[in-house]
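The structure is given below, and queries will be raised subsequently.
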Amino acid sequence: PLAAIVLENMFKLYEEELQEKSHKPTFMPLVITEANLKKESSHVKGFTPEVFWLKQLGKEKLALRPTSDTLYTPMFKLWIRSHRDLPMKLYQRGSVFRVDTKATRPLIRTREIIWIEAHDAFATKAEAEAQVQEDIDTTEKIMHQKFGIPFLAMKRPQWDKFPGAEYTVGSDVFMPDGKLIQQPSTHLMGQKFSKAFDAKFKNEKGKEEYLWTTAYGPAMSRILASIISTHGDDQGVVFPFCLAPIQVIIIPIFNIKNKKTIIKEANNLGTKLKNFGIKAEIDATEKRPGEKYHEWELKGIPFRLEIGEKEIKEKKLTLFTRDIRKKENISIKDLEKIKEFGKKFDNRLKEKAERFMKGRIINCKTKQEVKKIVEEKKIARVNFCSTEKQGEKCAEIIEKEINAEVRGTLAHKKEKPTGKCIICGKPAKEVVYIGKSY
């Protein structure tokens with residue numbers, strides 16, 4: 001239940017940002033027809049091995065959606081007639097299902113992905129590419145600035161793009177075990193799906209053109225894995241204040257004689273905090289105080305307030321801060337300050353995660369250097385022949401001999417290569433990043 005509340009809070013912040021950027025919410029069918037799924041050939045070729053097929057219904061073969069491009073595009077065809085209907089920016093929250101044959105891990109690699117997916121339609125390629133950059137900005141504003149998870153926006157090699165896309169940008173997050181995990185990805189779908197579904201619009205001159213589309217998919221369940229792994233410590237989980245299911249846990253310290261009085265004061269505290277917009281709960285169980293402290297630290301609650309006879313008498317409470325494990329006194333009249341403390345709490349988590357990421361990217365000039373850096377749980381930055389199809393053979397050598405992957409090139413700036421590809425020795429055309437991943 002605590003994780004479910006965190007997920008709801010994550011959805012809320014993400015949806016607010018998407019709506020601020022003119023996206024409208026929708027609900028789309030979970031079940032897709034085989035005919036729809038197979039409309040775009042490269043898309044179905046990439047996804048067919050991962051599709052959960054349902055029992056055939058009459059002449060229709062049905063599947064659980066692995067993604068929703070083949071649901072939104074036919075609706076764009078119905079809803080968009082002219083340039084006046086554009087841009088159209090839609091999203092939904094829900095699940096997609098993929099037959100993953102690799103070892104699954106809770107949250108990190110699952111067959112049901114809990115996520116948001118945004119699907120947008122535009123009149124021009126330039127507008128669609130601007131949306132890709134806006135999606136990266138959304139990841140920055142929410143996952144990094146709010147959730148405290150830094151990332152590298154990587155334009156994926158052609159052999160690793162989303163099936164049916166012109167190109168893909170993935171957000172690589174560095175996990176404590178040295179592996180990279182892909183978080184929100186955004187895709188320029190171009191006109192492939194609009195041509196497959198004959199989704200056109202009339203431009204300002206009355207001429208019909210195919211729509212340009214994009215897709216963006218922040219997987220909440222997977223981002224939660226990064227939040228737990230990045231911010232947690234040896235005492236347990238540490239949830240950011242803005243996401244915490246309970247922001248303040250109140251621990252009444254009582255005995256048989258004063259229990260009623262202490263609980264009453266604890267309830268008053270809880271009401272005051274809630275009036276300030278702070279999510280608070282009271283642990284009035286019969287467990288020992290130390291046992292309660294340990295339990296709520298394990299569950300990652302940002303702040304703990306301890307109240308007993310001494311605190312009531314002095315009108316000062318003991319405040320414990322989870323991330324720095326510091327105890328201090330706070331006056332009952334200053335409880336609203338906890339909101340400000342919460343902002344500082346989140347900033348500390350973000351800065352700690354940024355420090356962890358700093359210095360993890362190392363320039364390498366040889367295959368041997370790359371192997372060493374990857375073994376040291378870091379990311380190698382190298383000159384590479386190409387991220388187009390001709391570079392795939394070099395990438396396969398890296399995967400086979402170094403047990404790592406070419407993650408791509410930086411999406412927000414073009415880096416100039418020098419010299420030769422570290423694998424084949426041909427003139428380098430790209431600067432790529434190499435690391436292990438989930």
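Computed from a predicted structure; not experimentally measured.
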> Taking C-beta and beyond as the side chain, do Lys155 and Tyr167 meet within less than 4.5 Å on heavy atoms?
Replying inline: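 A side-chain contact under 4.5 Å exists here.
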> Does atom CZ of Arg288 have more than 12 heavy-atom neighbours, drawn from other residues, nucleotides or ligands, at distances under 6.0 Å?
Replying inline: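 Result for CZ/Arg288: open.
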>> To the nearest 0.5 Å, what is the distance between CZ on Arg156 and OG1 on Thr387?
In response: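 These two atoms lie 12.0 Å from each other.
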>> For a quick test of reading the model, state the closest non-hydrogen atom pair linking Ile227 to Leu243 and the distance between them.
In response: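 Closest approach of Ile227 to Leu243: CD1-CD1, 3.6 Å.
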> Sequence neighbours excluded, which residues qualify as side-chain contact (heavy atoms from CB on, under 4.5 Å) partners of Glu140?
Replying inline: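 Residues passing side-chain contact (heavy atoms from CB on, under 4.5 Å) with Glu140: His144, Gln145, Phe151.
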> Is it the case that more than 12 heavy atoms not belonging to Lys420 sit under 6.0 Å from its NZ atom?
Replying inline: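 Atom NZ in Lys420 is not packed in, count stays at 12 or less.
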>> Please enumerate all residues that pass side chain to side chain donor-acceptor pair (under 3.5 Å) together with Arg304, with sequence neighbours excluded.
In response: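 Checked Arg304 against side chain to side chain donor-acceptor pair (under 3.5 Å); matches are Glu297, Glu306.
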> Counting only heavy atoms not in Lys316, do more than 12 fall under 6.0 Å of its NZ?
Replying inline: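 No.
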>> Just verifying a value: how many Å separate Leu180 CG and Met154 CE, rounded to the nearest 0.5 Å?
In response: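 The distance works out to 8.5 Å.
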> With distance as the sole criterion, is a donor-acceptor pair present between the side chains of Gln183 and Thr139 under 3.5 Å?
Replying inline: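 Judged by distance alone, the side chains do not pair up.
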>> Checking His23 against Asp120 for the side chain to side chain donor-acceptor pair (under 3.5 Å) test, could you report, in this order, the C-alpha distance in whole Å, the side-chain angles of both residues, the deciding distance, and whether it holds?
In response: CA-CA 8 Å; His23 285 86; Asp120 303 339; 3.0 Å; yes
> Passes side chain to side chain donor-acceptor pair (under 3.5 Å), Glu405 versus Ser437? Steps please.
Replying inline: CA-CA 7 Å; Glu405 297 172 358; Ser437 71; 2.8 Å; yes
>> Regarding Glu15 and Tyr91, do their side chains bring together a donor and an acceptor under 3.5 Å, going by distance alone?
In response: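 Side chains of Glu15 and Tyr91: pair found under 3.5 Å.
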> With sequence neighbours excluded, what pairs up with Gln158 under the side chain to side chain donor-acceptor pair (under 3.5 Å) test?
Replying inline: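 With sequence neighbours excluded, Gln158 shows a side chain to side chain donor-acceptor pair (under 3.5 Å) to Lys161, given in chain and number order.
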>> Quick check with a 6.0 Å cut-off and a 45 degree axis cone: is Lys339 positioned over the face of Phe276's six-membered ring?
In response: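 Relative to the ring axis of Phe276, which defines the angle, Lys339 lies outside at least one limit.
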>> salt bridge (charged side-chain N to carboxylate O under 4.0 Å, His left out) for Glu34 and Lys39? Distances and angles first, verdict last.
In response: CA-CA 9 Å; Glu34 183 182 26; Lys39 281 274 187 180; over 6 Å; no
> Quick one: does Ile397's side chain get under 4.5 Å of Cys424's, heavy atoms only?
Replying inline: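 Ile397 vs Cys424: side chains apart.
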> Do Phe193 and Phe76 have ring centres separated by under 6.0 Å?
Replying inline: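 Judged by ring-centre distance (under 6.0 Å), Phe193 and Phe76 do not meet the cut-off.
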>> Looking at Lys292, I want to see if its NZ is surrounded by more than 12 non-hydrogen atoms of other residues, nucleotides or ligands under 6.0 Å.
In response: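 Yes, the 6.0 Å shell around NZ holds more than 12 heavy atoms from other groups.
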> How long is the gap from CG on Asn36 to CZ on Arg65, to the nearest 0.5 Å?
Replying inline: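 Interatomic distance, Asn36 CG to Arg65 CZ, rounded to 0.5 Å: 13.5 Å.
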>> Just by distance, no angles: are the side chains of Glu117 and Ser68 close enough, under 3.5 Å, to form a donor-acceptor pair?
In response: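 There is such a pair (donor and acceptor under 3.5 Å, judged by atom type) between the side chains of Glu117 and Ser68.
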> Is the Tyr14 ring parallel, tilted or perpendicular to the Phe147 ring (thresholds 30°, 60°)?
Replying inline: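 It falls in the perpendicular class, over 60°.
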> So how far is it from Ile338 CD1 to Leu273 CG, rounded to the nearest 0.5 Å?
Replying inline: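 These two atoms lie 5.0 Å from each other.
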> Roughly how far, to the nearest 0.5 Å, is CG of Leu269 from CD1 of Ile307?
Replying inline: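 With rounding to 0.5 Å, CD1 (Ile307) is 4.5 Å from CG (Leu269).
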> Glu399 and Glu396: side-chain contact (heavy atoms from CB on, under 4.5 Å), yes or no, with the steps?
Replying inline: CA-CA 5 Å; Glu399 192 167 342; Glu396 286 172 357; 5.5 Å; no
>> Are the side chains of Asp177 and Tyr438 in contact, using a 4.5 Å heavy-atom criterion?
In response: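 Tyr438 vs Asp177: side chains touch.
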> Are any of the side-chain nitrogens in Lys414 or Glu430 under 4.0 Å away from the carboxylate oxygens of its partner?
Replying inline: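 Result for this pair is yes, salt bridge flagged.
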> Heavy-atom distance under 4.5 Å between the side chains of Glu415 and Thr409, does that happen here?
Replying inline: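 Not in contact.
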> Given Thr138 and Glu17, is the side chain to side chain donor-acceptor pair (under 3.5 Å) satisfied, shown in steps?
Replying inline: CA-CA 7 Å; Thr138 298; Glu17 183 66 20; 4.8 Å; no
>> Looking at Lys12 and Glu8, is there a salt bridge between them, counting it only when a charged N and a carboxylate O are closer than 4.0 Å?
In response: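 Here Glu8 does not pair with Lys12 in a salt bridge, since their nearest N and O are not under 4.0 Å apart.
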> Below 4.5 Å, heavy atoms only, C-beta onward: do Cys385 and Gln390 meet side chain to side chain?
Replying inline: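 Cys385 does not reach Gln390 side chain to side chain.
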>> When you compare the side chains of Asp135 and Gln131, does any donor N or O come within less than 3.5 Å of an acceptor on the partner?
In response: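 On atom types as modelled, these side chains qualify, holding a pair under 3.5 Å.
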> Just wondering, do Ile253 and Ile262 contact through their side chains at under 4.5 Å, heavy atoms?
Replying inline: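 Ile262 does not reach Ile253 side chain to side chain.
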>> Heavy-atom count check: over 12 atoms from other residues, nucleotides or ligands less than 6.0 Å from Lys350 NZ?
In response: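 Count over threshold, so yes.
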> On the ring face of Phe11, is Arg93 found with NZ or CZ under 6.0 Å from the centre and within 45° of the axis?
Replying inline: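 Yes, a cation-pi geometry.
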> Run the side chain to side chain donor-acceptor pair (under 3.5 Å) check on Glu311 and Thr318 step by step: do they pass?
Replying inline: CA-CA 8 Å; Glu311 284 78 10; Thr318 301; 3.3 Å; yes
> Is there a salt bridge (charged side-chain N to carboxylate O under 4.0 Å, His left out) between Lys287 and Glu295 once you walk through the steps?
Replying inline: CA-CA 10 Å; Lys287 296 173 186 174; Glu295 180 179 343; 2.7 Å; yes
>> Would you compute the distance between atom OG1 of Thr321 and atom CZ of Arg348 and round it to the nearest 0.5 angstrom?
In response: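 Here the rounded value is 6.5 Å.
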>> Please determine whether a side-chain nitrogen of the Lys or Arg among Glu340 and Lys344 lies less than 4.0 Å from a carboxylate oxygen of the Asp or Glu.
In response: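 No.
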>> Ring-plane angle category for His119 and Tyr72, please: parallel below 30°, perpendicular beyond 60°, tilted otherwise.
In response: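 Plane angle under 30°, so parallel.
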